[in-house]
Participant: 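Input: one structure, supplied below.
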Amino acid sequence: MKLRLPMLASIGMAAALTVGAADNVLNVQANKPGAPIQPTMYGLFFEDINYAADGGLYAEMVKNRSFEFPQNLMGWVTYGNVTLQNDGPFERNPHYVRLGSAGHNDKHTGLENEGFFGVTFKKDQEYRFSVWARSPKGEKATLRVELVDPATMGETHVAAKQEITVESADWKQYEVTLKPGESCEKGKLRVFLSKPDNVTVDLEHLSMFPVDTWKGHKNGLRKDLAQALYDLNPGVFRFPGGCIVEGTDLPTRYQWKNTVGPVENRPVNENRWHYTFPHRFYPDYYQSGGLGFYEYFLLSEEIGAEPLPVLSVGLACQFQNRDAKAHVPVDELQPYIQDALDLIEFANGDTSTKWGALRAEMGHPAPFNLKLIAIGNEQWGPEYPEHLAPFVTAIRKAYPDIRIVGSSGPDSEGEQFDYLWPEMKKLGADLVDEHFYRPEKWFLAQGNRYDNYDRKGPKVFAGEYACHGKGKKWNHFNAALLEAAFMTGLERNADIVHMATYAPLFAHVEGWQWRPDMIWFDNSDSFRTASYYVQQLYAQNKGSNVLPLTMNGKPVAGNEDQNGLFASAVIDKETGEYIVKVANTSDTPQEVTINLNGLKKMRQDITAATVTTLSSDDINADNTLDNPGRVVPVTKAIPAADLGAVTKGVFTYNTTLAPKTFSVYKFK
Ligand code: AHR
């Protein structure tokens, strides 16, 4: 029998103090801290998909800035006398344009860039335009650089204008700042040859960035997007993919050495996602390499996450290449292995080494302290361990402290998965990367997925995962809730699950290929999905050690059996907090009692507590650009008066979890 006291209005989520047993009693063994929660838990997976890099995080506003797309003038409109040349100053990007006299006073020569889904500029914000230029005959040439709104294209409606004078016959970089007097979503950047118009000028690498970037880095990252990464408190940062590591074929694989050194000389690479899905076809999707491996390492450092680079194992995307000839024969893997060894040197090597020196030259003499490397993405079949083996041997020999991440293929279970785990164990991989994009019922059933994993094998890296409902593979609150429920199992198995990163990070609302994603954006704004907030709640409340937990005297089932409740508990030894996470996936309110047992020896009272809740009045809802605050966590203090005394070493808290709710309780 339950003796119910009046509702506690101060805790909005229908909290009630009960005496006696609630339907669901969570017993936390507060005095028995178990496995440490790894600092790498709850991280980020970045892939240049959905215009996540060029057109997204990398704040470059000019598309095809070096005229190196296969259709060299893609993204540009030319006027008057513009010709394409191919003997420019940058060896790996040889194309540039020559602007000559249009031959008539009233005809103008110049070009216009469409940007990524428009050149979006805001009133009174500053934009840094730069260009490499020369006047081949050493004549004085003046360039007019403008931000225009195509809807109001006339001279008087130019939003910002600057002039650049080019006199040198040598290639030099010129720079001006544009400050528009009006805003425009779908603007254009124009560069025209002006007075006098009978000269010739050559232009290469036309680039424009907002001056206000993440941490003020010149020509750096979009501030709101990088800030969202930082705010999540990530433990690990996996980059640069995903399938783009493999490429559609080997020539289009991601090659890190092409993404370091001066940006002007980083060759453009085809982004494999431009044609992967015919219904989401983006023929202008290329990688400038401007967001390269130096920038990834720096970003990892700045957001406080361990960098986790993924490199090609010499297998082109196996979904698209069933023929063995598409891959590198094992006895020809040496250049790929060398790439991996050189990458470690680039990240960690002394500045007297070749690659360490390049890192220093780029601005970071101190090592990046790389500890992890993944070889291969979603590979499968016997060819994967065959290809991986020589990498493992070479990396172990040169860098015994580097931890190697292998893969269990593209599926969360099944033949390949069952084959690859033991193979990874045989090879001595330190961690195995698992991927699962699965429907709701899978997530509802998998909360105890890791309870019975081999404790003597590699550790688990849940490297890509997301829940989606049938027919609606996009983000919505219920998917986020089920991810939260599933993640209690990651936390309870902290001894074996050492890293976890959600599905792709970013998606441009006008240019996505893949959903769900964690953060959506357009050129001006961004919003964090409910799934982002789930990841953030875990990352901000990960504690230091897992605590043993039972529900009604039984192990936590990790499925719907226990009234749809999923739970985990940790202690944060530094702050002295006990943190209990509970997801109510059911359609009914659930009375819950949380008992913190064994407090006697450690402390007398719980004097402060909060509950942070993520819920939604519509389980299909999520945040949007127009309403980024539709589903956000709400933190409330639990009044001290509602915290009972510790009796015989047990602190008890009774509450009711509303249907479809994820709550994080913190007791101190
Ligand atoms: O995240 C999108 C793709 O999903 C990744 O590139 C791949 O690893 C997975 O199949």
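Just so you know, these numbers come straight off a predicted model, no measurement behind them.
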Participant: For Tyr254 and Gly292, which heavy atoms make the closest approach, and how far apart are they?
Facilitator: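 Looking at all heavy atoms of both residues, the shortest contact is OH-CA, 4.0 Å.
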Participant: Evaluate the ring planes of Tyr465 and Phe486, with Trp represented by its six-membered ring, and classify them as parallel (under 30°), tilted (30 to 60°) or perpendicular (over 60°).
Facilitator: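 Plane angle between 30° and 60°, so tilted.
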Participant: Do we get Arg449 above Phe436's six-membered ring, with its NZ or CZ under 6.0 Å from the centre and within 45° of the axis?
Facilitator: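 That pair qualifies as a cation-pi contact.
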Participant: Classify the ring geometry between Phe293 and Phe239 as parallel (under 30°), tilted (30 to 60°) or perpendicular (over 60°).
Facilitator: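 Perpendicular: the ring planes of Phe293 and Phe239 meet at over 60°.
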Participant: In terms of relative ring orientation, are Phe297 and Phe346 parallel, tilted or perpendicular, with 30° and 60° separating the classes?
Facilitator: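 Taking Phe346 first and then Phe297, their aromatic rings sit tilted (interplane angle of 30° to 60°).
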Participant: Quick check, are the ring centers of Tyr453 and Trp421 under 6.0 angstrom apart?
Facilitator: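 Yes; Trp421 has its ring centre under 6.0 Å from that of Tyr453.
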Participant: Provide the closest heavy-atom pair for Glu491 versus Val546 in the form atom of the first, atom of the second, distance.
Facilitator: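 Nearest heavy atoms, Glu491 then Val546: O-CG2, 3.3 Å.
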Participant: Relative to Trp214, does Arg222 satisfy both conditions: NZ or CZ under 6.0 angstrom from the six-membered ring centre, and within 45 degrees of the ring's axis?
Facilitator: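 Relative to the ring axis of Trp214, which defines the angle, Arg222 lies outside at least one limit.
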Participant: Taking all heavy atoms of Trp512 and all of Ala507, pick out the closest pair and write down the distance.
Facilitator: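 In terms of heavy atoms, the two residues are closest at CB-CB, 4.1 Å.
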Participant: Hey, is Asp411 close enough to Arg438 for a salt bridge, meaning N to O under 4.0 Å?
Facilitator: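 Salt bridge between Asp411 and Arg438, a charged N being under 4.0 Å from a carboxylate O: yes.
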Participant: Atom CG of Leu291 and atom OG1 of Thr259: how far apart are they, to the nearest 0.5 Å?
Facilitator: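 Output value for this atom pair is 8.5 Å.
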Participant: Ignoring hydrogens and geometry beyond distance, is a side-chain donor-acceptor pair present between Asn597 and Asn31 at under 3.5 Å?
Facilitator: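 Their side chains do not contain a donor-acceptor pair, so the 3.5 Å distance test is not met.
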Participant: What is the ring orientation for His327 with His387, classed by angle as parallel under 30°, tilted 30 to 60°, or perpendicular over 60°?
Facilitator: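 The arrangement is perpendicular - the two ring planes meet at more than 60°.
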Participant: To check you understand the geometry: which heavy-atom pair defines the closest contact between Lys354 and Glu345, and what is its length?
Facilitator: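 Answer, listing the atom of Lys354 first, then Glu345: N-OE2, 3.3 Å.
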Participant: Within 45° of the ring axis of Phe45 and under 6.0 Å from its six-membered ring centre, is that where the NZ or CZ of Arg238 lies?
Facilitator: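 Yes, a cation-pi geometry.
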